[in-house]
Novice: 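Mind having a look at this structure? Questions to follow.
Source: prediction; values computed, not measured.
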Number of protein chains: 2
Amino acid sequence: MSRPADPKAHSALVAAARAEFVKKGLRGARIEDITAACGLSKGAFYLHFASKEALFDEVVQALASAMRALHSARTVGLEEVGAERGRLTARDVELRTPRYRRYLALETEFDQQALQMMWEHRDTLDVLIRGCAGTAFEGLVWTFLEEEVARARAEFQAMQRSGAGRGDVEAELFAELAVGAYFLVGKRLSRLAERPDLEAWASTLQRLIHGGALASRGAPGLAHARRGAPTRCGRPVGGRTAAPRRPAKRRRTP
Amino acid sequence: MSRPADPKAHSALVAAARAEFVKKGLRGARIEDITAACGLSKGAFYLHFASKEALFDEVVQALASAMRALHSARTVGLEEVGAERGRLTARDVELRTPRYRRYLALETEFDQQALQMMWEHRDTLDVLIRGCAGTAFEGLVWTFLEEEVARARAEFQAMQRSGAGRGDVEAELFAELAVGAYFLVGKRLSRLAERPDLEAWASTLQRLIHGGALASRGAPGLAHARRGAPTRCGRPVGGRTAAPRRPAKRRRTP
DNA sequence: GCCGTTACTAAACCGTCGGTCAGAAATTGG
DNA sequence: CCAATTTCTGACCGACGGTTTAGTAACGGC
């Protein structure tokens with residue numbers, strides 16, 4: 001007995017809410033707009049979620065667990081290769097030994113997975129970054145990043161100890177830059193209409209971060225790193241009209 | 001005749017508003033909180049500003065003109081040195097010639113100025129980045145960045161043509177990374193209580209961006225780039241309590 | 001068909017906040 | 001001290017939007 005709920009209602013609400021959150025931010029999104037987008041009434045919203053924040057929390061939890069999964073996969077992956085093939089040394093880096101290449105491939109793979117994850121959750125990420133000021137979710141994205149920075153710093157410090165990482169750079173700053181680079185690219189994803197070549201992005205970023213922007217003096221591995229033409233950067237999503245300036249009304253100050 | 005306005009009222013309101021904007025975002029900041037912070041009543045606000053947005057606009061214009069000034073200073077500065085000492089070549093980079101060092105110093109100087117500017121306007125930047133979703137100022141910060149990216153891309157492409165920049169990297173992606181790095185650092189400034197050693201940050205960033213994170217094979221100029229111990233990263237501003245999760249109330253979904 | 005249950009609707013409710021305005025307070029010139 | 005003038009106050013208005021709730025209708029079981 002009893003009337004069954006529209007099986008699509010819940011997911012439709014989530015989808016509409018995500019779109020609305022991206023457009024107006026968590027605070028600015030209106031329940032009525034969300035429900036109207038799925039042909040429901042405002043009241044129906046509260047049959048499925050306790051509040052706007054509860055819905056957003058659900059979405060954020062999905063992102064958080066995806067991040068945790070990736071984070072620990074990376075840690076154990078690195079440990080496994082470490083146990084299996086030994087730590088990276090300065091010599092490995094200098095001669096681009098198979099061990100160096102193994103580490104490089106591993107990192108690339110995880111970076112690609114990270115980008116893929118960011119692509120799937122790009123709307124939520126965007127809201128966490130720039131759409132939840134003054135809410136309970138404020139700063140949550142920084143705690144996420146902080147964990148990644150800590151991991152990257154530890155890895156780089158290990159490389160520095162073994163001579164593989166340059167010693168004249170503070171590990172913390174390096175980690176911020178590296179994590180930040182991916183973060184930025186993730187941020188940019190939210191402005192793209194269709195999925196760019198994330199795999200190429202990952203390897204380009206890695207080349208830049210490892211080798212720098214200056215032409216290297218006949219470094220080996222440069223030709224091997226190249227994969228066809230440099231990659232284009234994707235089309236921005238349509239809309240977003242021109243520069244918004246001066247919402248000005250009249251002024252009364254003499 | 002007539003009663004003169006409190007001469008400090010205007011600037012006090014601006015200061016209080018900036019603080020409130022950072023705390024709650026443009027939308028979330030309440031006029032009454034702003035005026036209360038300077039011991040004024042809500043009505044007094046409208047003697048000085050037409051609206052909350054008008055006040056914010058005033059603050060943003062100040063930032064915008066500071067950015068424009070820096071932007072054009074950089075362009076003319078680069079042109080001057082170009083006319084005076086000639087363009088950078090692959091050889092300059094390889095041998096770290098005086099010309100290379102001149103360019104490097106110039107860039108460092110402007111980067112430091114940029115960081116300094118960002119430090120002074122860190123609160124406004126922060127609001128533009130993460131506190132104005134769904135307002136008229138939405139996306140303004142990206143148009144600012146877009147200009148910088150365009151400049152960086154053009155500069156890097158020139159370096160690629162002359163062989164000074166590595167050719168296997170898309171100039172656009174490089175430019176995004178480079179501008180993004182400063183942007184991120186600027187973002188981080190808003191979480192610091194006191195001014196860090198921005199000069200050291202600028203040169204570390206430059207070393208990373210130019211030379212990469214990997215230990216270089218006895219590259220010249222490495223020792224000269226080092227300046228004492230690697231720099232610490234500053235103390236975060238106090239407050240900001242632990243992870244905000246589950247604003248949850250009760251749920252009604254069966 | 002009828003009944004019980006539950007999804008859903010429509011409208012009311014109510015707190016919040018931007019903006020207004022009548023009057024009180026302050027200052028200056030006389 | 002008075003008058004003129006402007007600043008400043010704080011109660012008020014109205015819109016907006018999240019949440020609640022009384023009522024409606026769809027569905028399953030009999």
Novice: Are A:Gln112 and A:Trp201 side-chain neighbours, meaning at least one heavy-atom pair lies under 4.5 Å?
Specialist: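 With C-beta onward as the side chain, the pair stays apart.
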
Novice: Find the distance A:Lys52:NZ to D:dC16:P and express it as a whole number of Å.
Specialist: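 Nearest whole value for this atom pair: 15 Å.
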
Novice: Grab the CZ-P distance between A:Phe49 and D:dG18 for me, whole Å please.
Specialist: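 Result: 15 Å.
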
Novice: Does either side chain, that of B:His10 or that of B:Glu58, offer a donor lying less than 3.5 Å from an acceptor on the other one?
Specialist: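 Per modelled atom types, B:His10 and B:Glu58 side chains form a pair under 3.5 Å.
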
Novice: Where along residues 24-31 of chain A does a heavy atom fall under 4.0 Å from DNA chain D?
Specialist: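 Listed by number, they are A:Ala29, A:Arg30, A:Ile31.
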
Novice: Could you tell me the separation between the CZ atom of A:Phe56 and the C1' atom of D:dG18, rounded to a whole number of Å?
Specialist: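 About 18 Å, once rounded to whole Å.
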
Novice: Between protein and nucleic acid, restricted to nucleotides 8-14 of chain C and to nitrogen or oxygen atoms under 3.5 Å apart, what atom pairs and distances do you find?
Specialist:
unit_1	atom_1	unit_2	atom_2	d
C:dC8	OP1	A:Asp6	N	3.3
C:dC8	OP2	A:His48	NE2	3.0
C:dT9	OP2	A:Ser41	N	2.7
C:dT9	OP2	A:Ser41	OG	2.7
C:dT9	O5'	A:Ser41	OG	3.4

Novice: Please report, to 0.1 Å, the donor-acceptor pairs under 3.5 Å made by any side chain of residues 35-43 of chain B, with sequence neighbours excluded.
Specialist:
unit_1	atom_1	unit_2	atom_2	d
B:Thr35	OG1	B:Ile31	O	3.2
B:Thr35	OG1	B:Glu32	O	3.0

Novice: Rounding to a whole Å, what distance do you find between B:Tyr46:OH and D:dA11:P?
Specialist: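 B:Tyr46 atom OH is separated from D:dA11 atom P by 17 Å.
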
Novice: Are the side chains of A:Phe21 and A:Asp123 in touch, meaning some heavy atoms are under 4.5 Å apart?
Specialist: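 No; the side chains remain at least 4.5 Å from each other.
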
Novice: B:Lys52 side chain to B:Ala29 main-chain N or O, any donor-acceptor pair under 3.5 Å?
Specialist: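 Checked: pair present.
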
Novice: Quick one: do A:Arg30 and A:Glu20 make a salt bridge, cutoff under 4.0 Å?
Specialist: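 Salt bridge flag = no for A:Glu20 with A:Arg30.
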
Novice: May I ask you to test the A:Leu55-A:Phe45 pair for a side-chain heavy-atom distance under 4.5 Å?
Specialist: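 A:Leu55 reaches A:Phe45 side chain to side chain.
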
Novice: Without decimals, in angstroms, what is the distance between B:His10 NE2 and D:dC8 P?
Specialist: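 So the NE2-P distance, B:His10 to D:dC8, works out to 13 Å.
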
Novice: Do B:Cys132 and B:Leu140 have side chains that get closer than 4.5 Å, going by heavy atoms?
Specialist: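 No - every pair of side-chain heavy atoms lies 4.5 Å or more apart.
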
Novice: In this structure, how many angstroms lie between the P atom of D:dG10 and the CD atom of B:Glu32, rounded?
Specialist: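 In whole Å, D:dG10 P and B:Glu32 CD are 10 Å from each other.
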
